[in-house]
Amino acid sequence: MLQKLEKLYEGKAKRVYRTGRQDQYLVEFKDDATAFNGAKKGTIQNKGALNNQISAVFFQLLEERGIPTHFVELCGEREMLVKSLKIIPVEVVVRNIAAGSLSRRLGLPEGTLLPCPVVEYYYKNDELGDPLINDDHIRALNLAAPRQMERIKEIALAVNAILLDYLSDKEIDLVDFKLEFGLKAGEIVLGDEISPDTCRFWDHKTRERLDKDRFRRDLGSVEGAYEEIFKRLTGKSFNQVQ
Ligand code: UDP
């Protein structure tokens with residue numbers, strides 16, 4: 001029987017608990033939503049349950065395709081069991097279509113198709129506002145070794161190829177997404193979550209945004225967008241399974 005013991009960590013979107021098992025943690029997904037480094041706060045009804053179950057679909061798909069992830073199993077509507085990792089404080093963003101900060105930084109209109117995937121790194125540090133960094137910064141700050149970053153980039157691009165292929169069947173454009181990695185027994189393992197909080201998903205035909213930009217930009221129908229992603233991935237409407 002799995003035990004939910006003391007809380008080890010609480011972030012903006014998740015809580016992490018110790019379990020009776022040495023090397024596994026329980027992750028609980030919250031309905032709280034934040035944007036702009038915490039400056040905008042709100043609640044998205046059922047977001048925790050939706051992101052938990054959407055992330056599980058993606059992690060299972062990636063595991064089947066040989067990507068090492070922290071996912072072990074779902075263990076509740078808004079909880080999953082994961083392998084405990086030593087998190088590398090680098091956010092890895094992969095982009096296929098210009099949007100958000102890339103559009104602002106480089107003056108590329110949102111929606112511009114990029115000729116090749118663009119990988120970026122951000123230093124995971126709230127006080128500094130998660131600044132954009134490169135391989136040399138990562139080395140200078142001793143966040144990860146060059147060999148580890150090579151492996152991280154290789155996995156990030158493989159995840160992109162798998163998700164692009166999978167989502168195109170569901171009429172979803174994968175605009176960009178953020179990954180986090182950690183170490184387990186010296187190996188690089190994909191952690192965190194893969195959800196509408198951390199990805200930009202656009203409907204292929206209408207280009208309607210089906211992700212957290214609906215919250216960031218006050219576009220309305222935020223829960224509806226998360227539910228639509230759940231439905232396209234699982235074939236079931238979220239209400240039916242509750
Ligand atoms: N992203 C994230 N967490 C962050 C910053 C970005 O999950 O702290 C995701 C975001 O949802 C998008 C991608 O990373 O899918 C690229 O985000 P961008 O740099 O364009 O950020 P913006 O400033 O537009 O939110």
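Start at 1 and go down the list; that is how both ligands and their atoms are numbered.
Tyr226 and Asp211 share no side-chain donor-acceptor pair at under 3.5 Å. Looking only at atom types and distance, the side chain of Thr198 has no donor-acceptor partner in the side chain of Glu193 under 3.5 Å away.
A search for salt bridge (charged side-chain N to carboxylate O under 4.0 Å, His left out) contacts involving Lys184 returns nothing, not counting sequence neighbours.
Judged as a ring pair (Phe, Tyr, Trp, His ring centres under 6.0 Å), the pairs with a partner in residues 16-75 (not counting sequence neighbours) are, in order, Phe59-His70.
Within 4.0 Å of ligand 1, heavy atoms belong to protein residues Glu91, Val93, Arg95, Ala99, Gly100, Ser101, Arg104, Tyr122, Asp130, Asp176, Phe177, Lys178, Asp197, Thr198, Cys199, Arg200, Arg216.
For the pair Arg232 (side chain) and Lys170 (backbone), a donor-acceptor distance under 3.5 Å is present.
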Which side-chain N or O atoms in residues 141-156 pair as donor and acceptor under 3.5 Å with protein atoms at least two apart or in another chain?
residue: Gln148; atom: OE1; partner: Ala145; partner atom: N; Å: 2.9
residue: Arg151; atom: NH1; partner: Glu154; partner atom: OE1; Å: 2.7

